[in-house]
2 protein chains.
Amino acid sequence: MNLPKRPRTRIQARNREIILEAALDVFSTQGFRGATLDQIAAAAGLSKHNLLYYYDSKETMHAALLVRLLDTWLAPLRAMSPQGEPVAEILRYVGRKLEMAQEFPRESRLFANEILQGAPRMEGFIATELRALVEEKAALVARWIAEGRLAPVDPRHLIFSIWATTQHYADFDVQVRLVLGPGEDPFPAARRHLEALFRAALTPTGPTTDAVAPLAGGTGPG
Amino acid sequence: MNLPKRPRTRIQARNREIILEAALDVFSTQGFRGATLDQIAAAAGLSKHNLLYYYDSKETMHAALLVRLLDTWLAPLRAMSPQGEPVAEILRYVGRKLEMAQEFPRESRLFANEILQGAPRMEGFIATELRALVEEKAALVARWIAEGRLAPVDPRHLIFSIWATTQHYADFDVQVRLVLGPGEDPFPAARRHLEALFRAALTPTGPTTDAVAPLAGGTGPG
DNA sequence: CGTCTTTCTGACCATTTGGTAAAAGTTAAG
DNA sequence: CTTAACTTTTACCAAATGGTCAGAAAGACG
């Protein structure tokens, strides 16, 4: 009938892509409620009715964006591996997240908008998939700490801090640039700063210099 | 005429307050465009027409909220003083910001929404007042570092990190609670975690262990 | 009590917005 | 060239939304 679900033609694939691109622009800055089909249509260079030919509704468009987002959003955290050296592994995660903030700021803002609105369309995902992933990686961090290869930190709040600091450069990009002044690229300095910040907090030899000897016997002072 | 600007009666003061309260609820979760007068009216328990008696327009309401917000928003950063001990001073700032995230999450979200939308109503403020304040405090931090009383950090990005990590607990409250699981209050752990995080990054004795001996009267174990 | 001001409501409105239905135009296979 | 599927436009629409205006209610006050 009206809506072939899978793209069968080039035109279809192309226009769906164009529409999602435009929708991302608008949704990410206006939020779901604030965005209008007319704005998206204008951004896509198509007529409003044409959008509705490719996507049943505003909701459908938004949902399509979220699906695509979650697809890649968790990749960096998933990539945190038990194999590597703990500090390096976490710093690599920070670096990847920052790169994503730089490369996909709109996606980050789309996510932020969704959470600010109370996560009505993502509660399920967050409470299950995301939560499980955090739990898994937090356990890994906890293990590293127990082994003395990482300074003691709250694993889950460490993850929150990484999310917060890196996504800040996407979500609050305007503010960051206005505060730094025109023409200054925030990212190189951000990269150095965040690496130093988390390295300092994570390097085991630092703050509490005891009980770090790779055990084999009791941990406490005899 | 229709609009006595300054509240002259109790009813007026009271209703204006009720309306702003309700508007804060709605604007902070829906953003400016996403919010409707009907929603605000419902939240306030007044009729839409009644709102428009007290505030000329939706814009006026929003503007009133922003003014009030900025009034108190910068207080914590302003309070960072050259007098105190550097690390303690910054940690106190972190603590205050986190308290604000806990006490005034809606205000934080209102601000976040505004920035996400490209800060159309606050560019001026950010580029002038906020920027100047950050510049001032960054200079203070830089001085502390030069004096060896603080580990070397990028002062402005340090401030960004503090904003990001503390406001995260307001703006992403839903996510934080869903990830942590029901019934767990994020704030006590957040407080401990952030203090440790920034202490580690700021304490001069840490990473680069030189030129830090607490001169004149050491605080270390005697 | 009667008047004046402040507060609130009901009727109304233009515009915007998300969405339908159907016709018209386009493409591509047979 | 025909025909059938795909794409786009035209014409509508109901509901929502921000806002106006006149009048009614309710206080305040001499």
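Given the structure is predicted, the values throughout are model-derived calculations rather than measurements. A, B, ... follow the sequence lines: proteins, then strands. Residue 1 opens every chain.
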Counting only side-chain N and O atoms of [X], is one of them less than 4.0 Å from OP1 or OP2 of [N]?
X	N	answer
Ser47(B)	dT9(C)	yes
Arg33(B)	dT17(C)	yes
Asn50(B)	dT9(C)	yes
Gln12(A)	dC6(D)	no
Tyr54(B)	dC8(C)	yes
Tyr53(B)	dT7(C)	yes
Asn15(B)	dT6(C)	no

Arg96(A) with Glu89(A): basic N within carboxylate O range, under 4.0 Å: no
Is a salt bridge present between Arg192(A) and Asp154(B), judged by a nitrogen-to-oxygen distance below 4.0 Å? no
Taking the side chain as everything from C-beta on, heavy atoms only, tell me whether [X] gets closer than 4.5 Å to [Y].
X	Y	answer
Glu184(B)	Arg177(B)	no
Arg121(A)	Leu66(A)	yes
Arg109(B)	Phe104(B)	no

Is Ala35(A) touching bases, backbone alone, or none of the nucleic acid, heavy atoms closer than 4.0 Å? sugar-phosphate
Within the structure shown, what part of the strands sits under 4.0 Å from Arg14(B) by heavy-atom distance: base, sugar-phosphate, or nothing? nothing
[X] [atom1] - [N] [atom2] separation (whole Å):
X	N	atom1	atom2	value
Lys48(A)	dT9(D)	NZ	C1'	13 Å
Leu52(B)	dT9(C)	CG	P	13 Å
Lys58(B)	dG18(D)	NZ	P	4 Å
His49(B)	dA25(D)	NE2	C1'	16 Å
Ile18(A)	dT7(D)	CD1	C1'	14 Å
Phe32(A)	dG18(C)	CZ	C1'	10 Å
Leu51(A)	dT20(C)	CG	P	14 Å
Leu37(B)	dG19(D)	CG	C1'	8 Å

